[in-house]
Amino acid sequence: MSLRVNFSKVQAPKTCSGMLPSGNALRSRCLLIAGRFALPSVILFFLLASSFGCGKHKAPAKPPQPPSPPAATAKGAQPPKRQTPQVPSRPPIKDDSGRPSTLPQAAETLPPGTSAGPLVRIGLNTAAAEIRLSSSGDYYLSEKGSEATPQILRGEIRLRVEQEVEGTAVVFRVQAGSFARQEAAEDLGKKLESQFSAPARIRKNPAVGTHQVRIGEFPTREEAQTFLGLLTEAGYSDAFVVRETVSEGGGKAVLALRGNQNLFRASRAGFLFAPASSENLLVLNGKLYRGVLDVVLNQGGRMTVINQLGMEEYLLGVVPAEISPTQYPEFAALAAQAIAARTYALKNMGRFRSEGYDLSADTRTQVYNGASEEKAATNEAVLRTSGLAIYYQDKLIDAMYMSTCGGRTEDFSNVFDASPQPYLQSVFCAVEGGQENDGTVLEGKHEINQVILSSDGMIANRNLEFARVLGIVESASEISLEFLEGAIGKVEADRWIRNAKRITQSVPAADEPARVEVGTRAGFLQYAATSFFGADEIKRRISSSDAAYYMSNLHDGDAVPESARFALAYLMQRGLWHPYSDNAARPEAPMRRLDALSLLVRWVESARPEVLRKGTFVGAVSGKPEEPLDPIL
């Protein structure tokens with residue numbers, strides 16, 4: 001595919017290259033382009049222009065209720081009829097035993113007289129090993145499947161996935177040493193394992209904070225005493241035998257809940273949480289959420305955390321995540337985005353029903369950040385458009401919207417290999433189509449005929465082209481599949497990171513980043529994040545418990561080197577890096593150039609959202625290979 005795109009680093013929305021090949025998995029952050037229009041004009045603009053190749057395909061619930069009929073009509077005249085599309089109604093929320101939930105419904109958080117709309121369930125996390133939950137006031141705890149009265153909680157509780165203990169046994173070990181530093185204990189443990197070919201374990205003594213090194217596991221004290229003699233002969237004169245009670249294992253996974261005043265609850269069915277007052281919100285891992293939180297065990301042995309709330313409450317946390325009210329303060333633009341997001345949510349309700357929720361909180365559907373990031377301007381847009389959605393021939397439309405249009409949108413059928421839709425046809429994009437007199441025009445061009453996927457499953461073509469357009473990678477460099485698939489080198493990493501920092505005009509970090517092997521994923525992420533954002537910034541935002549929490553949510557978090565954990569946690573917290581689709585980091589895997597470039601572009605846009613706010617799609621010429629090409633994974 002040969003493409004030519006002009007970019008101008010000036011005003012208006014950030015650009016999406018207009019260069020992505022067609023496919024049914026295209027995703028991107030979404031903005032609805034709008035300007036100084038009255039609300040009806042914005043909706044009309046959306047109907048005509050909301051389908052660019054960069055758009056997300058988003059996922060059925062009660063539609064908005066039609067307005068009440070006029071109070072009076074002319075004598076003999078029939079009031080106009082309006083057909084309401086039939087969408088599957090949502091049954092009352094029930095627990096796993098089939099009984100109606102004993103928890104109160106979502107708290108009243110909208111102005112009096114405003115309907116919160118149909119209930120919607122949002123999947124916040126599907127791979128959590130541990131979560132922290134609290135509220136600004138009292139809140140209810142109810143075990144799913146239990147008839148017990150909901151319990152009032154105060155303060156923070158922690159939920160972990162643990163193995164249910166089915167039995168215990170007594171074993172004997174030999175303790176060879178005790179250290180204040182964990183590293184010293186681990187060094188001795190490795191030495192003992194090598195010397196005696198027996199398993200060593202490190203046990204932390206919570207009473208004094210020391211790390212005890214114990215080796216072997218014997219059913220009787222006599223056998224342990226015999227092994228102790230071997231250690232004594234080898235020079236470990238201070239070693240002695242200890243008795244331990246251990247779990248025999250074999251139990252099933254359970255959700256273990258712990259809180260203040262020795263609170264402990266364990267459940268396989270899961271827990272429901274709701275604020276005791278409409279004035280309070282729930283706090284999950286430091287973020288505020290309206291409505292109810294539903295926590296269950298999933299088939300992968302992790303927690304699925306679901307936020308259940310009214311549709312209009314949900315939109316309060318979606319709209320500011322999909323359009324910046326600071327960059328686009330016009331009410332018409334924010335209202336159009338609210339209507340588009342509502343339409344998309346109604347159309348796609350139940351998309352993840354098999355997993356227990358309706359929509360995800362990420363770019364697989366619509367980004368949802370809860371109540372923590374609500375803004376007054378976007379809240380007003382949601383409330384003033386309450387219940388409004390977009391229909392075509394009495395059916396909710398596929399409300400595809402995009403981050404940017406590159407000057408012109410694309411036909412829906414060309415991008416998603418689906419039937420043409422009359423309301424999703426290519427049109428000129430006025431906001432990004434014009435040129436500023438003082439704008440700098442940059443061109444990007446490549447010859448890659450394949451969809452290229454980054455390690456987190458996102459299409460990387462856009463960011464790879466932007467890397468050249470912005471000057472992160474030199475324009476003279478050959479961008480080939482072989483080049484992109486190769487592992488990044490230290491010289492390249494330094495140069496690309498330096499170029500990215502120059503674009504963002506960031507102040508150089510006071511501390512020098514640690515010298516690590518950048519060819520691995522963990523090494524590059526640690527080095528790049530420290531270089532780009534600064535070690536002090538990472539330490540300021542990430543505590544030891546934060547790092548431990550984020551690593552516990554990775555399937556292979558234990559394999560991430562200690563030195564890289566804070567950097568990875570920082571990037572995960574800010575949404576600037578995502579693991580593989582199986583929730584693995586694969587820290588020792590080679591870091592491909594395409595992943596490095598795609599990440600750096602993402603970081604540049606997060607630091608300077610206005611850096612690519614205008615672009616004009618010039619044209620594209622698609623090659624016609626003899627056989628279709630598969631995505632590069």
Side-chain angles (χ1 to χ4, degrees), residues 1-7 9 14-23 25-29 52-55 363 402-406 410 415 442-489 492-493 495-504 518 521 524-525 528 532 576-578 580 589-608 611-612 615 617-623 629-633:
M1 179 179 290
S2 177
L3 297 129
R4 183 169 176 268
V5 182
N6 288 352
F7 295 94
K9 293 193 263 185
K14 60 180 183 178
T15 355
C16 179
S17 61
M19 299 177 284
L20 297 183
S22 60
L26 301 178
R27 310 183 187 101
S28 73
R29 186 73 66 246
F52 177 55
C54 250
T363 52
M402 66 285 183
S403 62
T404 47
C405 66
E410 182 56 277
V415 177
L442 304 175
E443 288 190 8
K445 188 175 183 180
H446 67 75
E447 302 288 340
I448 299 175
N449 289 315
Q450 290 178 271
V451 176
I452 302 175
L453 301 181
S454 58
S455 60
D456 59 5
M458 304 293 285
I459 291 179
N461 296 63
R462 167 192 184 272
N463 284 359
L464 293 174
E465 186 61 20
F466 276 177
R468 176 183 283 180
V469 169
L470 289 171
I472 295 176
V473 62
E474 296 73 12
S475 58
S477 299
E478 178 186 355
I479 302 295
S480 64
L481 296 180
E482 181 180 3
F483 173 82
L484 294 172
E485 285 290 335
I488 190 172
E492 286 175 321
R495 187 170 66 250
W496 293 353
I497 294 169
R498 184 171 60 250
N499 291 341
K501 292 180 67 177
R502 175 179 50 79
I503 295 166
T504 60
V518 300
R521 289 172 57 79
F524 175 83
L525 290 170
F532 194 89
L576 298 176
W577 172 78
H578 302 286
Y580 285 83
M591 185 66 182
R592 300 182 301 175
R593 292 187 182 97
L594 75 89
D595 288 321
L597 288 173
S598 186
L599 279 173
L600 288 173
V601 170
R602 189 183 303 176
W603 297 358
V604 167
E605 290 188 279
S606 74
R608 286 193 63 196
V611 72
L612 285 173
F617 179 73
V618 176
V621 179
S622 299
L629 299 175
D630 295 328
I632 301 298
L633 302 176

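Positions are given from 1 along the sequence.
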Just how far is it from atom [atom1] of [X] to atom [atom2] of [Y], taken to the nearest 0.5 Å?
X: Asn463; Y: Ile452; atom1: CG; atom2: CD1; result: 11.5 Å
X: Ile472; Y: Arg502; atom1: CD1; atom2: CZ; result: 9.0 Å
X: Leu484; Y: Arg593; atom1: CG; atom2: CZ; result: 8.5 Å
X: Trp577; Y: Trp603; atom1: CH2; atom2: CH2; result: 10.5 Å

Atom of [X], atom of [Y] and distance for their closest heavy-atom approach:
X: Leu599; Y: Leu576; result: CD2-O, 3.3 Å
X: Pro590; Y: Arg521; result: O-CG, 3.8 Å
X: Val518; Y: Met591; result: O-CB, 4.0 Å
X: Leu594; Y: Leu453; result: CD1-O, 3.8 Å
X: Val604; Y: Phe532; result: N-CZ, 4.2 Å
X: Ser454; Y: Ala460; result: N-CB, 4.1 Å

Quiz item: Under the side chain to side chain contact (heavy atoms under 4.5 Å, CB included) criterion, do Thr363 and His578 qualify, and how do the steps go?
Solution: CA-CA 12 Å; Thr363 52; His578 302 286; over 6 Å; no
Practice problem: Check whether any side-chain heavy atom of Asp595 sits under 4.5 Å from a side-chain heavy atom of Phe524, and report yes or no. | Solution: no
